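Please read the structure below before turning to the comments.
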There are 2 protein chains.
Amino acid sequence: MTIQIGELSKRTGVNIETIRYYEKEGLLVSPPRSSGGRRQYENPHVNRLSFVKRCRELGFSLKEVRVLIDLVDGGYTCSQIQAITLRHQQEIKQKIADLKRLDKTLGEMSARCSGTEQPDCPVIDALFAGKMAN
Amino acid sequence: MTIQIGELSKRTGVNIETIRYYEKEGLLVSPPRSSGGRRQYENPHVNRLSFVKRCRELGFSLKEVRVLIDLVDGGYTCSQIQAITLRHQQEIKQKIADLKRLDKTLGEMSARCSGTEQPDCPVIDALFAGKMAN
DNA sequence: CTTGCTCCTGTAGTTACTACAGGTAGTACG
DNA sequence: CGTACTACCTGTAGTAACTACAGGAGCAAG
């Protein structure tokens with residue numbers, strides 16, 4: 001019941017090149033090879049790759065994913081995982097706050113635009129004068 | 001009234017290496033050099049670099065900054081600039097929405113944690129099972 | 001036996017910098 | 001005048017997380 005990399009890619013939705021990249025980076029164990037040198041995957045590989053993919057979808061960096069995998073492999077406690085999750089969530093919240101500030105400033109700037117074909121624009125003025133909201 | 005790169009860096013808050021990088025990328029014009037080969041900047045250079053810096057602070061990519069600079073140099077209309085600004089703002093809004101979804105999912109996952117020293121965690125379960133909220 | 005698909009390795013490109021290494025300009029001090 | 005010290009110079013490599021080839025081989029079908 002082994003599958004090749006193309007099938008693994010289809011099942012997980014992870015690009016073939018990315019799978020090989022993850023293997024090179026040590027996020028996935030190197031699978032056995034066929035006589036012709038092709039990677040032969042089984043269910044555990046599918047599960048692990050799905051795990052990595054979901055971590056990535058949640059915005060964890062590969063470095064963080066590596067930490068999570070090591071914990072899963074080596075033994076972990078709920079409080080450890082929760083701490084990592086909460087720290088990551090804090091970073092996300094920070095990014096949201098930063099982006100909201102940008103959104104607000106951009107909105108204020110473009111709101112003053114006439115939107116006409118005049119060679120004069122409050123956005124450009126603000127960018128030159130540095131009168132940006134914070 | 002010329003200044004050297006160190007002074008330009010201090011006045012704009014842009015790293016020296018970054019200034020040279022911007023020049024190499026064509027975002028800043030190459031300034032005249034002293035007899036010893038050092039870059040000699042004047043006020044227009046300070047203004048342009050400040051412009052680039054503010055664009056970056058608003059989240060514009062260097063590519064977008066290049067477009068803005070070309071417009072400023074070659075003539076622009078308010079409606080052109082407004083369009084670029086609004087498009088950029090839409091991207092920011094999209095990122096905010098994406099991050100909010102992550103934040104929500106992470107919050108829901110960690111809320112189910114016992115936070116104890118047990119080798120069992122709903123976050124890990126969710127990552128393996130793929131029962132993630134969208 | 002040749003077509004055609006999947007797979008292999010290895011390298012380069014992407015974004016926006018940052019961090020050196022190794023060398024020169026310019027100034028101040030003794 | 002020599003030397004120490006700082007600021008500057010170029011050019012290359014490293015960062016994150018992939019993606020995109022180039023050039024070649026395995027494998028099944030006709």
Side-chain angles (χ1 to χ4, degrees), chain A residues 2-28 30-42 45 48-69 88 91-92 95 98-99 102, chain B residues 2-28 30-42 45 48-69 88 91-92 95 98-99 102:
Chain A
T2 66
I3 56 173
Q4 292 193 332
I5 200 165
E7 177 63 20
L8 178 62
S9 171
K10 255 174 227 152
R11 286 198 199 173
T12 57
V14 177
N15 200 320
I16 290 180
E17 327 270 69
T18 305
I19 296 172
R20 288 196 280 248
Y21 170 71
Y22 285 168
E23 182 184 331
K24 202 175 59 181
E25 291 298 303
L27 285 160
L28 308 176
S30 298
R33 301 291 184 109
S34 72
S35 58
R38 297 182 173 201
R39 292 172 178 81
Q40 307 287 159
Y41 297 100
E42 298 194 49
H45 301 103
R48 164 143 304 189
L49 180 53
S50 300
F51 180 87
V52 173
K53 194 198 178 196
R54 290 195 196 99
C55 289
R56 295 290 300 127
E57 286 171 349
L58 286 172
F60 286 104
S61 68
L62 289 191
K63 205 169 182 175
E64 289 170 318
V65 177
R66 220 169 270 129
V67 170
L68 287 170
I69 283 182
H88 178 57
E91 286 166 21
I92 301 271
K95 278 187 195 167
D98 293 345
L99 288 173
L102 295 195
Chain B
T2 65
I3 57 173
Q4 292 192 334
I5 199 166
E7 177 64 20
L8 178 62
S9 170
K10 258 175 223 150
R11 287 197 199 172
T12 57
V14 177
N15 201 319
I16 289 180
E17 326 271 69
T18 306
I19 296 172
R20 289 197 280 248
Y21 170 71
Y22 284 169
E23 182 184 331
K24 202 176 59 181
E25 291 299 303
L27 283 161
L28 308 174
S30 298
R33 301 293 185 108
S34 73
S35 59
R38 296 179 175 204
R39 291 171 178 82
Q40 309 285 161
Y41 296 100
E42 298 193 49
H45 301 104
R48 165 143 304 191
L49 180 53
S50 300
F51 180 87
V52 173
K53 193 196 178 197
R54 291 195 197 98
C55 289
R56 295 291 298 127
E57 285 170 351
L58 286 173
F60 286 105
S61 68
L62 290 191
K63 205 171 183 174
E64 289 168 320
V65 177
R66 219 168 272 127
V67 170
L68 288 169
I69 283 181
H88 178 56
E91 285 166 21
I92 302 270
K95 277 186 197 170
D98 292 346
L99 288 174
L102 295 196

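Just so we're clear, the structure is a prediction, and the values are computed from it rather than from any experiment.
At least one donor-acceptor pair closer than 3.5 Å links the side chain of B:Lys53 to the backbone N or O of B:Thr12. Looking only at distances, no side-chain donor or acceptor of B:Glu91 sits under 3.5 Å from a matching main-chain atom of B:His88.
Rounded to an integer number of Å, the gap from A:Lys24 NZ to D:dA16 C1' is 13 Å. The nearest whole Å value for the distance from the OH atom in B:Tyr41 to the C1' atom in D:dC9 is 11 Å. To the nearest angstrom, P of D:dA17 lies 15 Å from CG of A:Leu58. One interatomic measurement links the two molecules: CD1 of B:Ile19 to C1' of D:dT10, which rounds to 16 Å at whole-angstrom precision. Nucleotide D:dA16 holds its C1' atom 6 Å from the OH atom of A:Tyr21, rounded to whole Å. Between B:Glu23 atom CD and D:dC9 atom C1' the separation is 12 Å, expressed in whole Å.
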Q | side chain to side chain contact (heavy atoms under 4.5 Å, CB included) assessment of B:Glu57 paired with A:Leu102 | A | CA-CA 8 Å; B:Glu57 285 170 351; A:Leu102 295 195; 6.0 Å; no
Q: Please assess B:Arg56 against B:Val14 for the test side chain to side chain contact (heavy atoms under 4.5 Å, CB included), listing each intermediate value before the final yes or no.
A: CA-CA 11 Å; B:Arg56 295 291 298 127; B:Val14 177; over 6 Å; no
**Q.** Verdict with supporting geometry, A:Leu62 and A:Tyr21, side chain to side chain contact (heavy atoms under 4.5 Å, CB included)
**A.** CA-CA 11 Å; A:Leu62 289 191; A:Tyr21 170 71; 3.7 Å; yes
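Across every non-hydrogen atom of A:Arg48 and A:Leu27, the tightest pair is CD-O, 3.6 Å. Of all the heavy atoms in B:Ile19 and B:Leu28, the pair that sits closest is O-CD1, 3.8 Å. Between A:Tyr41 and A:Gln4, the shortest heavy-atom distance links the atoms CD1-C, 4.0 Å. Heavy atoms only, all atoms of each residue included: A:Cys55 and A:Leu68 are closest at SG-CD1, 3.9 Å. Between B:Gln40 and B:Pro31, the closest heavy-atom pair is O-CB, 3.5 Å.
Taking five base pairs at each end of the helix from C:dC1-D:dG30 to C:dG30-D:dC1, the local helix axes there meet at an angle of 30°, rounded to 10°.
OP1 and OP2 of D:dT10 both lie 4.0 Å or more from every side-chain N or O belonging to B:Arg20. Contact annotation: A:Thr18 reaches the phosphate of D:dT19 (side-chain N/O to OP1 or OP2, under 4.0 Å). The phosphate of D:dT19 has OP1 or OP2 within less than 4.0 Å of a side-chain N or O from A:Asn15.
The nearest heavy atom of DNA chain D to B:Glu17 and to B:Arg38 marks one nucleotide each, and the one closer to the 5' end goes with B:Arg38. Between A:Ser34 and A:Tyr22, the residue anchored closer to the 5' end of DNA chain D is A:Tyr22, taking for each the nucleotide with the nearest heavy atom. In terms of position on DNA chain C, the residue among B:Gln4 and B:Arg56 whose nearest nucleotide sits closer to the 5' end is B:Arg56.
A:Glu25 comes within 4.0 angstrom of no nucleic acid atom, judged by non-hydrogen atoms across all strands. Using a 4.0 Å heavy-atom cutoff across all strands shown, B:Phe60 reaches no nucleic acid atom at all.
In this structure, the nucleotide among D:dA17, D:dC18, D:dC9 sitting nearest to the side chain of B:Arg33 is D:dC9.
When DNA chain C is scanned in the 5' to 3' direction for atoms under 4.0 Å from non-hydrogen atoms of chain A, the outermost contacting nucleotides are C:dT6 to C:dT9.
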